Amino acid sequence: MSLTQGEHIFGGVHETGINDLLRAFFTARPRYLRYGTPAFVPATTVMATSVPAPSFFGLNIQFQIWCDPIPSVDITPGGAGSAPLMPGTNEFTVKTNLNFTVVINNGPPITGSLAVFALCRPFVAVSTPGTGQIGITVIRVEIVDITPNWLESVVEGLVLGILQTVLATVRFPFNTITAGAFGLILLVGPTAETDQIKVRGNAL
Amino acid sequence: MPDILVAADEAAATELLHDAETTLGTLSRSGSRSLGPFNVSWSASAFLAGGAVDLIVPNVIRISNCELHYNLHFAFSFDLSNIIPDFCLPQICVHIPFIGNVCTPRICVNWPTITIPVNFSDVVRFTADFTLNAHLSGSNWLIDAVIVGIPNLQISVAAAAILAALGVAAGAILLGIPFIGPFLAGAVVAITAAIGIAGITGLLGPILSLFVSGLSFNIYRQPRVFNVLPASLPLDPAVNINLNSIAASVSHTNEDELLIAVEIS
């Protein structure tokens, strides 16, 4: 079966290529990996994004969260490393560690790190022919080894929001998926399969 | 599996080629040579258009009926004395009583060197194979389709047309030469016979071959440092990746496809 099938153009990015793109994106724009309240990040810079401190029963809660290592993907079919949250049809797993430091009422800092798996799908963020972009939708999060289960669910709910914020900023332009060879009119995809994000369409 | 794999079927490859033809634009050449008693200086411009693409494994693009649109200007220079012998008008003498013999002056006609301009435009179609060549040139990755050999150009009809145009142009130029009247028709015939179809073919073929010999279409050009996202907000710098290697080939499954494989970092 041809790559283009019923269309004229095919573009496919292998998961190794997606990881290179994620590394390039978050290296250039590290503030999308690191978020902190004013005690940690007084103002948004290239390196970190300042977020307001939450209001919770009058407590002064200051925190800093950051993803390290840079998130990486495992596109379906998943490998052994994605066992906690295997990607299914048209899905891929994003893996990273969510590191945090929390200070409550100026007490001693509480630090930790969670190994996070996120189940994701690609979607068309911008559909304009030639200049469209592919984005990432986070469907579900899995954190290993938190007990009891209800606490794990609470934490996963919070982490889902964090990862949705982190990954919402990531965009893969059509032009990148075709390595600049063609302006793409997207007709099919994006689909996640055989370790690739694939698109098909016609030349602009 | 490469980091990025792009495939284009023959329809998309045809569009790519036609865009490359347009980008190549109009080419110009000029030169001169001798053609028997004639000195010929010429200038030519040409552009390429059209053609049907057939992708052939492992890395060939066959372009059928590619059109070479050309515009030629010739200037044929020669000494007319080489065609028509110089001659002298006979002296006529009359006897005038009481004066004696009075004769007309001796007038000799020494034919000039003339230049005959000829303009000609036409289209010649050819079929040729091109191989794909991906390479780094300076800071840019290029994929060129480079012609294999020199295609055979069918120019016999054009050569005949040029020869006919030469005859017409010669007649117009010669008409302005004093004393040419009785010799005009013969001179035109002599000029076209002296050059002949073979001469024009021998002149036209090498000129047009200059435009197809080594012909190369650029079908891909991207900087090695490839911009993924431009800088947007003041706090969001541009996102770039490195194109570390590019390879171009043709694959065949249930259809033929042009493949571009890219490794990035």
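Computed from a predicted model, the values in this text were never measured in an experiment. Chain A is the first sequence line, chain B the second, and so forth, proteins listed ahead of strands; every chain is numbered from 1.
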So, the part of B:Val262 with a heavy atom under 4.5 Å from chain A: the answer is side chain
For B:Arg33, the salt bridge (charged side-chain N to carboxylate O under 4.0 Å, His left out) test, sequence neighbours excluded, returns none
Between the CD1 atom in B:Ile241 and the CZ atom in A:Phe25, the distance rounded to the nearest 0.5 Å is 13.5 Å
Turns out that what part of B:Leu259 lies under 4.5 Å from chain A's heavy atoms comes down to side chain
When the 4.5 angstrom heavy-atom criterion is applied to B:Leu233 and chain A, the contacting part is side chain
Cut-off 4.5 Å, heavy atoms of chain A, and the answer for B:Leu258 is neither
For B:Leu229 and A:Pro173, the nearest pair of non-hydrogen atoms, with its separation, is CD2-CG, 3.6 Å
One option among B:Ile143, B:Leu243, B:Val6, B:Ile246 has the most heavy-atom pairs under 4.5 Å with chain A, and it is B:Val6
Okay, B:Ile264 and chain A: the region with an atom under 4.5 Å from a heavy atom over there is both
A:Ala181 and B:Leu16 have their tightest heavy-atom pair at O-CD1, 4.1 Å
Are there donor-acceptor atom pairs under 3.5 Å between chain B and chain A, and if so which?
from	atom 1	to	atom 2	distance (Å)
B:Asp3	O	A:His14	N	2.8
B:Asp3	OD1	A:Thr16	OG1	2.7
B:Leu5	N	A:Gly12	O	2.8
B:Leu5	O	A:Gly12	N	2.9
B:Ala7	N	A:Phe10	O	2.9
B:Ala7	O	A:Phe10	N	2.8
B:Asp9	N	A:His8	O	3.0
B:Asp9	OD1	A:His8	ND1	3.2
B:Asp9	OD2	A:His8	ND1	2.6
B:Tyr220	OH	A:Ala179	O	2.5
B:Gln222	NE2	A:Gly180	O	3.1
B:Pro230	O	A:Arg29	NH2	2.9
B:Asp236	OD1	A:Arg31	NE	3.1
B:Asp236	OD1	A:Arg31	NH2	3.3
B:Asp236	OD1	A:Tyr32	OH	3.1
B:Asp236	OD2	A:Arg31	NH2	3.4
B:Asp236	OD2	A:Tyr32	OH	2.6
B:Pro237	O	A:Arg29	NE	2.8
B:Pro237	O	A:Arg29	NH2	2.9
B:Thr253	OG1	A:Ser2	N	3.3
B:Asn254	OD1	A:Ser2	N	2.6
B:Glu255	OE2	A:Ser2	OG	2.7
B:Glu255	OE2	A:Thr4	OG1	3.1
B:Glu257	OE1	A:Leu3	N	3.2
B:Glu257	OE2	A:Leu3	N	3.1
B:Glu257	OE2	A:Thr4	N	2.7
B:Glu257	OE2	A:Thr4	OG1	2.6

The interface call for A:Phe182 against chain B, heavy-atom contacts under 4.5 Å, is side chain
Here the pair of heavy atoms bringing A:Ala179 nearest to B:Ile4 is CB-CG2, 4.2 Å
In this structure, CG of B:Leu5 is separated from CD1 of A:Ile177 (nearest 0.5 Å) by 12.5 Å
If one checks every heavy atom of B:Ala238 against chain A at 4.5 Å, the contacting part turns out to be backbone
